Every structure is written in structure tokens, then in C-alpha cells.
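Input: a single structure, listed below in C-alpha cells.
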Amino acid sequence: MSEAPIIKKLEETVINRIAAGEVIQRPANALKELIENSLDAKSTNIQITVKNGGLKYIQIQDNGVGIRKDDFSIVCERFTTSKLQKFEDLSSISTYGFRGEALASISHVAHLTIQSKTASEKCAYRAQFIDGKLNGPPKLIAGNQGTQIIVEDLFYNMNVRKRALKSASEEYQKIADVVGKYAIHNASVGFSLKKFGENNDIRTPVGSNQTDNIRTIYGNSIARELTEFSLEDDKYKFKANGQMTNVNYSTKRMNFLLFINHRLVECQSLKKSIDQVYTNYLPKNMHPFIYLSLKLDPKNVDVNVHPTKHEVHFLNEEQIVEIITAAVEKKLLGCNNSRVYFTQAKLPIVTSNTIQSSPKEKSEKVYPKELVRTDSSNQKLEKFFGATTKKMETMQITDRNDDDNVDNKVVTNPEDKLFEERNKQFLIDNEKFESKLLNKTIEHSPSPKKKMKTDVGFNPVGGVVLSRTKELEVTTVECELTSVLELRKKIEGNCHPAMRELFNQHVFVGCIDPSQALIQHGTKLYMCNTQQIMEELFYQFVMYNFQNFGIISFSDPLSVKKLALEALKLPETGWTPEDGDKNELAEKVTEILTEKGEMLKEYFTLEIDENGDLKTLPLLLDKHVPEMTGLPMYLLRLATEVNWESELECFETFARETAKYYSFIEENDSDEKHNWKWLVEHVFYPAIKDFFLPPKSFINNAAIVELANLPNLYKVFERC
Amino acid sequence: MFDLKTDVNGVLDELYSAKCKNYEMICPILLPLGINQASAITFSKHIFNEITVIGSVDKKFVVVYAKLKKLLIIIDQHAAHERVRLEMLMNEYTHQEIEEVTFKQSKLKKTIPLKLSSDEVRCLSSKDVNNHFRKLGVSYNLQGNCMDIVAVPTCLYNNVFENVDTEKDKLLKLFVSSFIKEEFDFLKNSRCFSKTIPNFLNKIINHEACRGAIKFGDVLTTEACQNLVQSLSLCKLPFQCAHGRPTMVPLTNMRKMPPKVERQKVNLKKLKAL
């Protein structure tokens, strides 16, 4: 058995170095102590410069009260402080420091230089310290109000510690973390941090606020999702306030800034409990950002439990944690707002590049986000319900402005066969589409039409009777007018093939209002200007059905003059006394139109008899009757806007005006089966799908715009 | 035996991903597209008062229009229904009083014995801990260092018995043991009782909400879309699904659409000139 070793007292420097090693564990600890000293000295601006992660050099410059010249000799000795006088003061401590340990510890593990000027001194003093003692007397030097402390070669005499802290960037990260947190908590104090010889990494202005500082330091993605909270509890005597992110923000590592009585500390129980609250609302393994400043009665806090002071004990911890957690959850659920989204500032316009013809790569893997679930050839059941009832319907149209209250019955008759026949031509396989498309545009023009007519006196009761009359009356007129053929050619030449495919294979989504609707094609969602498109389509119908229109006939012919008078009353006409007497103008309208009556009847099935009464209108699209409210204006514009002089221009302008009139739909929120929504979805878009030849001008005039595509939507909805 | 915890989470995850595989991929979170402060849009619950359904896109999303804000919004039909179901299930499985949630419980046909460590036995002797487990819907008899579980939260029970085909008892035991273990862990770490719903139960209810929800590819009629939006508007947190993903995202602001082209005025002069 060996002899018991003798107990000796350690040398003073060894004791101090061991103690210092406990207080100063890494550069960030040293800096934290120095920042706290600066804050205790009531500084409003603190500048920090760091070299090599703080291992080589830390400089902190403040504008606080400074250190008096007489105190230089003992400022770095252990247990010297200006902040605490007797032990009892600890229970009501409101400064950061209280032990008189920080500078002493630093001076034992690094080369320390202090330069300071107080308000009463004329100039600054500078001194160097080694192991808690002055190294030579303080020297006079020019300097600003406040204290500058330089810590060089940290841990120069502790090789093991120095080697353990080998990554300068990691240490710098920790320093930046500490500075950032203090900058947020002491928002009124300006902070700046930079690497030696580089630009500021952190810079907060003097007199800033917490939200702004969080934005500067942690970024806008956190700052814009912040919610402020505060609570007070009388029972346990504490106040808490801070900033928390709402459920829209989440990050992989929890960012929890906790200050208890202004001390940056850690509290595992509080952190865990708050995180637990968030797990129920955030995506898996994601965490929030929280800044919490807790003010407890100093009597209830024991700050002296850890050498680096980063842990404190306080009374009633369980209850306080519980109260705070409950408050956080309540606040979290109170956040009714959605997160912030960014819509495209500028609307993308469809270009020929974005619309690609059917993809040819077959071997490529199809991701779910690219998988299109709808089929453009699908039809909805509602369509058929609508069609059958429509047949039985007799529309009652009242000219609301007419005092005579003339009731005009308009009877339309659907001709399904005609459409089915043309439909067949357009049932195109995806693969063969391209080649067919070329034929299509040409095929389309001279396709034989059947002429059908419905008389007023004839009451369409049953399909059987109808179909018989159809066959009897079928006559097809080939159009041989060069002007019409020329106009048709123009339409075909102007057709955008890729957009043609888009319209041909679209899936209808829904209407926003009578003039806007959404369609889907492939993985893309488009918004279409229904009215603009229908105007083009009706124009094309007029051209291609030239001389072969169906008939909408009025049970009681309408006086053109009366209608023209109505039109002149409308404010949009812009009639002024200078334009002449309304009656005279109306006479002129009747005159012009009656004169052209024969031509209009033959070519466009628009019949005006010799008495100047309107008897029929052309049926451009099955199941569609134009809005009667627009009829007066239509007739007026026919008289004024159509160029009756030259053949080609006459047809073109007539078709334009007609198309404009027919494409107008009124928004009436009736619950009828065949309100405008039904019309747009089940009459307009199927017709667009089958017959429309989109002009190239659509690329630029926002008639169709791309809103979104499936891969992007998957991204926004965080599906992959 | 408590080492099984990781496995149980694995089982849950597997169940979840297997169900989701057909219509979604679980991937990391991405920020919303393109950052442009000028057009930042956020909306509150009030938005639901002005919403009309426009239609369904690709059997995946529902497009709606907020008339007053002139905002076109797109809703993820699965995420939205998941949220609706989650809140419905929460109501079904718990009694919610002011700041206190109590889980309903289901009696077990056969008790599940759990061996406890001495720490845990000591923990159970506290009245607060007893109370805590009662609120979570767990009933038990303590015999020495063995906890005989008599009843478990209904959500946990249902999840095992209504949805798993084989080895129900084994899975139930696994679930129960890891659930209790997690609670002990939490009590030890935080030294206090959380009033929030335990992670494990939350996960189970989330899973159930997801499983029963409308999937991508399910055809929704306009009425179904309207119902979905209506029930979403009644949710406490309508803007995110059970897994924290957004349920609805604005597509575009219609105010930014180009204005309508005005029609040319009628040329009355031409008439007069005749």
C-alpha cells in the first residue's frame, strides 16, 4: 500500500487559469462577457471586430461610461466589480455582471488590452494586462468616450483547449449567433460585427426595434411570419413578451432565443414544451423561431448556477412553463391568416414556344405532377340533360323598352345531326393529330351544309316530326363568291396551329364571369376571354356557313324602325342633337336595311320584309340565341358600321358586327338550367373545341393566358 | 421492450407513404415561387365569405374565385379535405373544454401489461401524473412494477382495429407501449405536463385524417367542391393540411388583367350624311 500523497495548495496562477477556463470556454463566451460589460456601461453602440473566429483577435468598442484611470490597476483582478457590493445584492441583481470574473478570466487565458475614456477625463488611457495584473502603467492616448477591449491570442497558454477549437468558421458562427441574439434583445442599442478587414456581417442601427432587427439578422422569411405575444401573471410574478413565428414558417433547427431577466440563457424544459406545441401544426421534423424575453422577480431566480451563466434556475418553473406554453398555443391558433403568397406580377402570355405539340418522347418517366388526370374527350352528364329539355323550350323574349309590349316568340331548333357529323371529323387521335390538323383547316371550308328552317307556326313537339321536316328541307348551297372564299382563306392562313391543338384538346374547368373562363390543356391551366374567342368563332361561322344558316324566326316580326329608335335612346350610342332627329335617323336605318334586305336574306338568312320588319335572324350556333337586349344596337350598327359599298368589305364588316352581337352574354344569376354558365360550358366551349381556328393575334392580346402548370402547383402545395 | 419506439414510427410512416404513393410524393418543403414583395398576397378567414367555386382542375385542384378581392385561388382537394377530417376527428375523439383537452377512451378486451422501470413507477405515484394519463384516455392498474392497461384512447384503438387487417393485438401492444413510453420521456424531459396533444396521438389522428380524405384523381362535382370549401371555412386552421402543407394558394389577381377593349362608338355621322 503506497503512502497517501501530501495535499498542497495550488499556485495562484494555476488556480486562476483553471477558473478562467471554466468561465471562458470559447471565444463566443469571452465576447458575451464583454458585450454584457458594454451593456452594463449603458452603451448605445457596440462594434465588434473579429479575426480568425475570435481565436486570434477580438476587439469590442463601445460608447459607454468607461473605466476610471484609478481603477485600471485592479480592473482585471478576480472578484473586483463595480456592480455588486454584498452577497444580498445578488437577489436583486439587475446588471449582467456581478462576480468580477470576466476580465480577470480573460486576462489569464489571453493577451488583454484595455483602452478607456470616461466623461470626466480629458483623454483616454490604455493598458495591457497579464494574469490579472497591469503590465506597465496606463499610457495616455487619444480616444473616444467609452471602452475598447482587445483580446488577442485566446488560450495561448492552454494548448489542449486551443486545439479543440480548431475551426475558425465554426467559432465565428457562434460569435455571430451571440451578437445577433443580443442585438435583437437590446434593439435600441446599435450592434455591428465584422471580420477583420471585411464588411459588416451584422449591423443594426441605434434605436431600432425587435422586428426590424430580426429581419436584418434572420431574414425576411422569418420576420414576415412573426406574431408578437406578451403575457403577465400575478400569481407567479412574471412577465413574458416576445415574437413567435406562425404556422406558416418552419425550419429544420429550432431557433429559440430566451432571455430571462435580460440574460441569454437556455432552458430545456421551456424549449421542449414550446416545440411540442408546434409539432402539431408544423410539417414533420420542422421547428419554429421564437424570441422570448421573460422577466421574473429577481428574488425567484438563481443566476449563479453555471460558470458561463447560460443556465439559470427559477422558482415555479413547471407552472411558468405550462402557462407560457398554453399562451403560445392560443396565439398560434389565433393566427387566422394564410401565409404570404406571391402571384406573378406580370401575366405570362401564351407563345408558340409554350404550347408544344403533343410530346413525342415516349420512354421518359412520367412524374405524378406531370400526369394529367382529365381526358378532353370526356363529357359531362349535365350537357345531355340540358340538351333534351332545351328542345321542348320555347323562349319568350320581351322587348323591355317597348311600350307596346310586343311579345315576340323565338323558336330555335337544335340540329344535332349537323353537329354530330362535323364532330366526327374532329374526333382525332392524338398521334395522328398533326397531320390531320393540316387537312382539317382545308376540309373545313367547303364542308357541305344542310339548311334547316323552323317556321313560327310549326310547333316542335316531338323529335320525329322534326327530323322529317329536316330532311325535306335540306338544300345545300355551295358558295362560289370569290370574296367569301378569300376571307375564308385569310382565316385559315391566320390560324395558329399549336393553339388550334390547345383549343381542340382542352378540358373545360369553369367560368369566372361571362367573359372569363378557365380551361386546362395538358399540365397547364389557362384563362380565356370567352367573349373575345366567341367573337372570332362567330365571325368564322358567318364565313363558313355563308348562305347556309339555320333560322331563328320571330313569331311577330319586329319593326326595324322601332328597334333603331330604342338603340338611339341608349346612352352608349352617344346620340347628341347635332346628329339629327332620332325619328329621321331611325327612318334611314330602316331604309338602308330594307334596301339590302334581299341580299341579307339570301346570304345571311337575316330577313327584313318590304315593310321594314325583321322576321328572322341567322342561327349561327345550335342551342344559342343571341341576347335580345342587344338587338336594337345590332341593327343600328349594321346600318352605320357595315361598309355596303364593296363586296368583300361588306361581308367582312357584316360578319364582324354580327359576331360582336352574338358573342355578348348577359350575366343573369337566374337559377334556370340554362343560365349563362350552362351556355358557356355546354354550348360555347364545345363549339370552340370542335371548330375554332384561333388567329395568330391571340398570342399578344390576352385572349388566352397561362395561369399555372401542374408541376408548379405541386411545388406550391409542397407535394414534391 | 420500449426500444420498439422507432419501429412504431416506422410503421406509421410506412402506412402513410404507402397510402400516399399513388397520388403524391413526400419531399422537402420549398418556398413559394418567385419572391416579389410588391405582389405579396395574404388572406384571412374572411375570404371564405366571398368565395364561389369555379371548377375542378385535373381532378386534383379546385379553383375558386374571391369576388371582392378579385382573387383567383386554387385549393388542393386532398390537403383541404385532410384538414376538414382532422378537425372533425379531433372533435370526435376528444372532449374539448376551455384550455383543456380530454381524450375519450375505449376499454380493451384484454389488458395489456407493461413492465416499468423504477423511475417510471415512482413517476406514476404522483397524483398529477395519474391525472395526466386519465386525460389522455389511459386507464390502468398498477401492480408492483407492472402497469396493466385497461383502456386506451379511442383514436389509438380505432386506428388499429378498424384499419389493420392482420396482427391487430401485436400492433396495438406496440402502439400502446410506445405511446406510454413517449409520455414518460416527455414528462422526464420537460418536468411538466403539456396541455397539448401528444405527438403520438396527433400522428395517429393525422394519419387517419389523411387516409380517409379525398384523393387526387377523385372526381368532385361542383356541389362536392362547394361542400368542401364550406366545411374548410369552418375549420380552425383552414390554410394548412394535417401535415402543415398549404391547402389553398392564390393563383392570380384579376385586377391585373388587361382592361376590356371598349367598342367603337356608333358612327351616327354616316347616317346623317345619307
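Worth saying up front: this structure is predicted, and the values here are computed from it rather than measured. Throughout, protein chains are lettered first and strands after them, A, B, ... in sequence-line order, and every chain is numbered starting at 1.
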Let me confirm one number: the NZ-CD distance from B:Lys60 to A:Gln520, rounded to the nearest 0.5 Å.
7.5 Å

Looking only at heavy atoms and a cut-off of under 4.5 Å, which of A:Thr576, A:Leu568, A:Leu585 has the most pairs with chain B?
A:Leu585

Check whether any side-chain heavy atom of A:Leu518 sits under 4.5 Å from a side-chain heavy atom of B:Leu72, and report yes or no.
yes

Which pair of heavy atoms, one from B:Asn202 and one from A:Thr279, lies closest together, and at what distance?
ND2-O, 4.3 Å

Name the option with the most non-hydrogen atom pairs under 4.5 Å to chain B; the candidates are A:Gly580, A:Gly574, A:Cys511.
A:Cys511

Report the distance from atom OG1 of B:Thr222 to atom CD of A:Glu681, rounding to the nearest 0.5 Å.
7.0 Å

What's the spacing between A:Ile512 CD1 and B:Lys67 NZ if we round to 0.5 Å?
12.0 Å

Check each atom of A:Glu584 against the heavy atoms of chain B and say whether the ones under 4.5 Å are side chain, backbone, both or neither.
neither

Once rounded to the nearest 0.5 Å, what's the spacing between atom CZ of B:Phe61 and atom CG of A:Leu525?
10.0 Å

Spacing of B:Phe216 atom CZ and A:Tyr714 atom OH [to the nearest 0.5 Å]
5.0 Å

According to salt bridge (Lys or Arg N to Asp or Glu O under 4.0 Å), does anything in residues 633-643 of chain A pair up with another residue at least two apart or in another chain? List the pairs.
A:Arg637-A:Glu657

Look at atom NZ of A:Lys582 and say whether more than 12 heavy atoms of other residues, nucleotides or ligands are closer to it than 6.0 Å.
yes

Can you tell me which portion of A:Ile519 sits under 4.5 Å from chain B's heavy atoms? Options are side chain, backbone, both or neither.
neither

Under 4.5 Å to a heavy atom of chain A? For B:Ile75 that would be backbone

The criterion is side chain to side chain donor-acceptor pair (under 3.5 Å); which residues satisfy it with A:Asp581, sequence neighbours excluded?
none

